[in-house]
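Note that ligands are numbered from 1 as they come in the structure, with each ligand's atoms numbered from 1 the same way. This chain uses plain numbering: 1 for the first residue, then up along the sequence.
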Amino acid sequence: MEPITFRRYGHQIVDWMAEYLENVEKYPVKSQVNPKEIIEKLPLEAPIQGEPFEKIFSDFEEIVIPGITHWQSPNFFAYFPANSSHVSMLAEMLMTTLGAQCMSWETSPAATELEERVMEWLRDMIGLPKNFSGVIQDTASTSTICSLLTAREQITNYEINSSGMNDKGIFTTYCSMETHSSIEKAVKIVGLGKENLRKIPVDEKYALQPEALKEAIGSDIDNGMKPTAVVATIGTTGSTAIDPLKKISEICSKYKIWLHVDAALAGTALILPEYRWMIEGIEDVDSFVFNPHKWMFTNFDCSAYFIKDPEALVRTFEILPEYLKTRAKGVKNFRDWGLQLGRRFRALKLWFVIRNFGVEGLQRKVRFHIDLADSLRQKIEKSSNFELLAPVPLNTICFRYNPPNIDDNDELNRLNEELMHRLNRTGKLYMTHTKLNGKYTLRLVTGQTNVQEKHVNRAWTLIQEQTQVF
Ligand SMILES: *Cc1c(COP(=O)(O)O)cnc(C)c1O
């Protein structure tokens with residue numbers, strides 16, 4: 001492509017981007033295509049001759065867009081948000097333009113030093129202690145793998161790294177029954193073993209029971225196993241339950257067990273001083289992850305991983321072949337802070353976002369989202385046909401349709417599943433579900449960047465309307 005053509009299409013695409021976001025509500029929020037519908041429109045083989053950009057772009061609009069679920073729609077209430085913002089998108093364009101590989105300080109000093117400074121800002125913004133260092137990873141899943149690998153190496157004096165697992169004993173890991181699936185995935189990958197992951201029971205608020213944790217650790221020690229790591233969740237995926245960090249950290253300190261905090265979604269709420277109670281006990285935590293790409297208006301991917309002892313992390317990951325040796329001293333080489341060698345310049349978009357919103361701007365939006373959830377919670381509590389199924393500490397409301405004339409749980413599960421699919425088929429909103437205590441639970445998350453009160457009100461009206469056929 002010639003520079004002049006790039007310029008022309010570049011401007012057109014920015015116009016398209018702006019219009020897309022302005023009119024995103026006109027699309028069905030959840031893609032309505034059937035399986036195979038997209039792939040059947042794609043040629044079996046790659047084109048031999050280059051095709052004109054217009055043709056590619058019109059196929060993007062006609063083939064790809066119908067198969068997109070619109071995460072940036074303010075009517076997106078599913079899963080957790082994967083938010084973006086105008087300023088983040090602009091920074092992403094610049095990152096792409098530079099196309100820099102930010103694996104070591106030398107491969108782009110600004111990328112390394114900006115990452116260092118922005119992660120200090122973020123650490124202070126969410127109230128982590130000053131002795132934590134930060135690095136940007138792609139996802140919380142990866143951050144948790146890094147954490148458990150470091151825990152594994154620390155407990156074995158870095159021997160598994162050098163001589164492999166052999167017969168080094170059984171290493172047990174602990175989390176609650178409501179913990180995200182990425183923890184189980186991580187213990188599999190890290191070699192700790194799924195069978196050695198203890199899923200500790202939760203209380204009526206779906207938070208880990210510290211007494212049960214203590215018992216499980218004690219019994220594993222009695223059986224000759226090596227308790228290696230505990231993963232506490234601040235904001236579980238099902239219901240945003242908050243594990244009691246202080247009590248968990250006391251147990252971990254007592255038994256000298258590595259403590260990792262998964263706050264993938266809820267970490268953003270820590271920019272609000274009134275939510276710092278969630279991390280009481282943080283001084284005794286070893287590592288902490290949260291995703292600005294979820295609820296902090298920074299487009300995917302951007303996962304903030306903080307660690308108290310970066311030397312342990314670097315010692316776990318460091319590798320120095322001849323072709324990577326450089327002369328710069330006293331600098332960070334972030335390739336040694338995680339799995340990947342090549343790294344994107346993700347600090348740039350975080351820097352743009354934090355500066356453009358300002359801490360107060362971010363706080364305002366997050367508080368607004370929490371208030372939206374709270375007002376819907378009140379309406380659900382007042383309604384005789386609906387029932388709240390979990391506390392609403394943050395931006396996620398767990399509830400179900402439960403009219404006075406139906407008692408059977410199976411029937412309620414069936415009706416709620418039907419209700420959710422009916423709602424999603426309207427294209428006017430998108431919600432997903434979880435199961436809490438055997439109850440099919442509708443989840444509505446009020447955390448999308450541009451969600452307003454009218455969107456939540458409309459969703460609530462629609463939910464009520466769709467039950468009228470039952
Ligand atoms: C979303 C989420 C994850 C996974 O995040 P990725 O960045 O997609 O890996 C892990 N834990 C919790 C609590 C989450 O909400």
- May I ask you to identify the nearest protein heavy atom to atom 4 (C) of ligand 1, giving residue, atom name and distance to one decimal place in Å? H180 CE1, 3.4 Å
- Give the residue, atom name and distance (to 0.1 Å) of the protein heavy atom nearest atom 2 (C) of ligand 1. K294 NZ, 2.3 Å
- Query: Can you tell me the protein heavy atom closest to atom 9 (O) of ligand 1 and the distance?
  - Reply: S141 OG, 2.5 Å
- Those atoms of ligand 1 less than 4.0 Å from some heavy atom in G235: 13 (C)
- With atoms numbered from 1 as shown, which atoms in ligand 1 lie under 4.0 angstrom from a non-hydrogen atom of A264? 2 (C), 3 (C), 10 (C), 11 (N), 12 (C), 14 (C), 15 (O)
- For D262, is the nearest heavy atom under 4.0 Å from an atom of ligand 1? yes
- Side-chain donor or acceptor of K439 paired with backbone N/O of L389 under 3.5 Å: no
- Would you call E184 and T173 a side-chain contact if the rule is heavy atoms closer than 4.5 Å? no
- Aromatic Y158 / basic R315 pairing, under 6.0 angstrom, 45° off normal: yes
- Message: List ligand 1 atoms under 4.0 Å from H293, heavy atoms only on the residue side.
- Response: 7 (O)
- Region of T142 that comes within reach of ligand 1 [heavy atoms, distance under 4.0 Å]: neither
- Within 4.0 Å of some non-hydrogen atom of T237, the atoms of ligand 1 are 12 (C), 13 (C), 14 (C), 15 (O)
- Heavy-atom nearest pair, G235 first then I242, reads N-CG1, 4.0 Å
- Close approach, S303 and ligand 1, non-hydrogen under 4.0 angstrom: no
- Query: Do any pairs count as a side chain to side chain donor-acceptor pair (under 3.5 Å) and have a residue in residues 241-258, sequence neighbours left out, and if so which ones?
  - Reply: S147-W258
- Under 4.0 Å to a heavy atom of N291 - the qualifying atoms of ligand 1, by number: 5 (O), 6 (P), 7 (O)
- Task: Establish, yes or no, whether a centroid distance under 6.0 Å links the rings of F290 and Y305.
- Result: no
- Message: Is the contact between T139 and ligand 1 made by the side chain, the backbone, both, or neither, using heavy atoms and a 4.0 Å cut-off?
- Response: both
- Task: Number the atoms of ligand 1 from 1 as they appear, then name those within less than 4.0 Å of a heavy atom of F80, with their elements.
- Result: 15 (O)
- Looking at E120 and R123, does any basic side-chain N land under 4.0 Å from a carboxylate oxygen? no
- Enumerate the atoms of ligand 1 whose separation from the nearest heavy atom of S182 is less than 4.0 angstrom. 10 (C)
- Note on the structure: Short version for A140: what comes under 4.0 Å of ligand 1, heavy atoms counted, is both
- Query: With sequence neighbours left out, which residue pairs that include part of residues 262-285 fulfil the side chain to side chain donor-acceptor pair (under 3.5 Å) condition?
  - Reply: E274-R367
- Query: Under the 3.5 angstrom rule, does the side chain of S85 hit a backbone N or O of F297 as a donor-acceptor pair?
  - Reply: yes
- Considering only heavy atoms from C-beta outward, does the side chain of N299 approach that of K349 to under 4.5 Å? yes
